[in-house]
Amino acid sequence: MVIKVFVATSSGSIAIRKKQQEVVGFLEANKIDFKELDIAGDEDNRKWMRENVPGEKKPQNGIPLPPQIFNEEQYCGDFDSFFSAKEENIIYSFLGLAPPPGSKEEEGETTSKEKEEVAEEEAEGEAEEEGAEEEAEEGEGEPEEEEDS
């Protein structure tokens, strides 16, 4: 699977250039295979990107700006969603990739599973404690009188 990053190599916007550099730099630094596709110099790339960004993700003017990120044909997101995924340490799931062994994202998945298991065990333990407390409370109260035989 190849990550496709649609960029505009001749963008006049400094903000767009910085966003593109951040995405590309992050992918390079983390050794994630990707292909940079220029929408400024290649009409086919621009047309494909615009047609494949989902309608709800397009801005009001209907023209999505770079960078736009895809995993093959599957839309991943724009810069804002990339940035959020990076901040939350879920970039591999954002990109539709398996996290590498030892990554924070993989540890996060393990931690989540462990937390669920601990929560289940605690809930079971609390239920047992409540049952024991109820039995103890039932045993309290006024002692029953014994009948003489």
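Please read these numbers as outputs of a predicted model, since none were measured by experiment.
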Quiz item: About how many Å separate CG of Leu27 and NZ of Lys35, when rounded to the nearest 0.5 Å?
Solution: 14.5 Å

Quiz item: Are the charged groups of Arg46 and Glu43 less than 4.0 angstrom apart, N to O?
Solution: yes

Quiz item: Should Val5 and Met49 be counted in the same cluster of Ile, Leu, Val, Met, Phe, Trp and Tyr side chains packed under 4.5 Å apart?
Solution: no

Self-check item: SB check Lys4 Glu73 (cutoff 4.0 Å)
Solution: yes

Quiz item: Are Val7 and Phe82 linked, directly or through other ILVMFWY residues, by side chains that come within less than 4.5 angstrom of each other?
Solution: yes

Practice problem: Measure the shortest side-chain to side-chain distance between Ile32 and Ile3 over non-hydrogen atoms and say whether it is less than 4.5 angstrom. | Solution: yes

Quiz prompt | Side chain to side chain, Trp48 and Leu37, heavy atoms closer than 4.5 Å | solution = no

Exercise. Spell out, yes or no, whether Ile69 and Val53 are grouped together once hydrophobic residues are joined by side-chain heavy atoms under 4.5 Å, including indirect joins.
Key: no

Exercise. Using atom types as modelled and distance alone, determine if a side-chain donor or acceptor of Glu72 lies under 3.5 Å from a backbone N or O of Val2.
Key: yes

Quiz item: Taking atom CD of Glu56 as the centre, does the number of heavy atoms from other residues, nucleotides or ligands within less than 6.0 Å exceed 12?
Solution: yes

Quiz item: Could you walk me through whether Phe94 and Ser81 pass the side-chain contact (heavy atoms from CB on, under 4.5 Å) check?
Solution: CA-CA 8 Å; Phe94 166 79; Ser81 50; 3.6 Å; yes

Quiz item: When clusters are formed by joining ILVMFWY residues with side-chain heavy atoms under 4.5 Å apart, either directly or through shared neighbours, do Ile16 and Phe79 land in the same one?
Solution: no

Quiz prompt | Ser11 side chain vs Ala8 backbone, donor-acceptor pair below 3.5 Å | solution = no

Quiz item: Sub-3.5 Å donor-acceptor pair from the side chain of Asp38 to the main-chain atoms of Ala40, do we have one?
Solution: yes

Practice problem: To the nearest 0.5 Å, tell me how far Leu97 CG sits from Asn71 CG. | Solution: 5.5 Å

Quiz item: Can you tell if the side chain of Asp78 reaches within under 4.5 Å of the side chain of Pro67, non-hydrogen atoms only?
Solution: no

Quiz item: Is a side-chain donor or acceptor of Asp80 paired with a backbone partner of Phe83 at a separation under 3.5 angstrom?
Solution: no

Quiz item: Just wondering, do Phe26 and Ile91 contact through their side chains at under 4.5 Å, heavy atoms?
Solution: yes

Quiz item: Are the side chain of Lys58 and the backbone of Arg50 linked by a donor-acceptor contact shorter than 3.5 Å?
Solution: yes

Quiz item: Can you list the residues that meet the ring pair (Phe, Tyr, Trp, His ring centres under 6.0 Å) rule with Tyr75, with sequence neighbours excluded?
Solution: Phe70

Quiz item: Is the count of non-hydrogen atoms from other residues, nucleotides or ligands lying under 6.0 Å from Asn61 atom CG greater than 12?
Solution: yes

Quiz item: Out of curiosity, does Val24 fall in the hydrophobic cluster containing Tyr92 (side-chain heavy atoms, cut-off under 4.5 Å, transitive links)?
Solution: yes

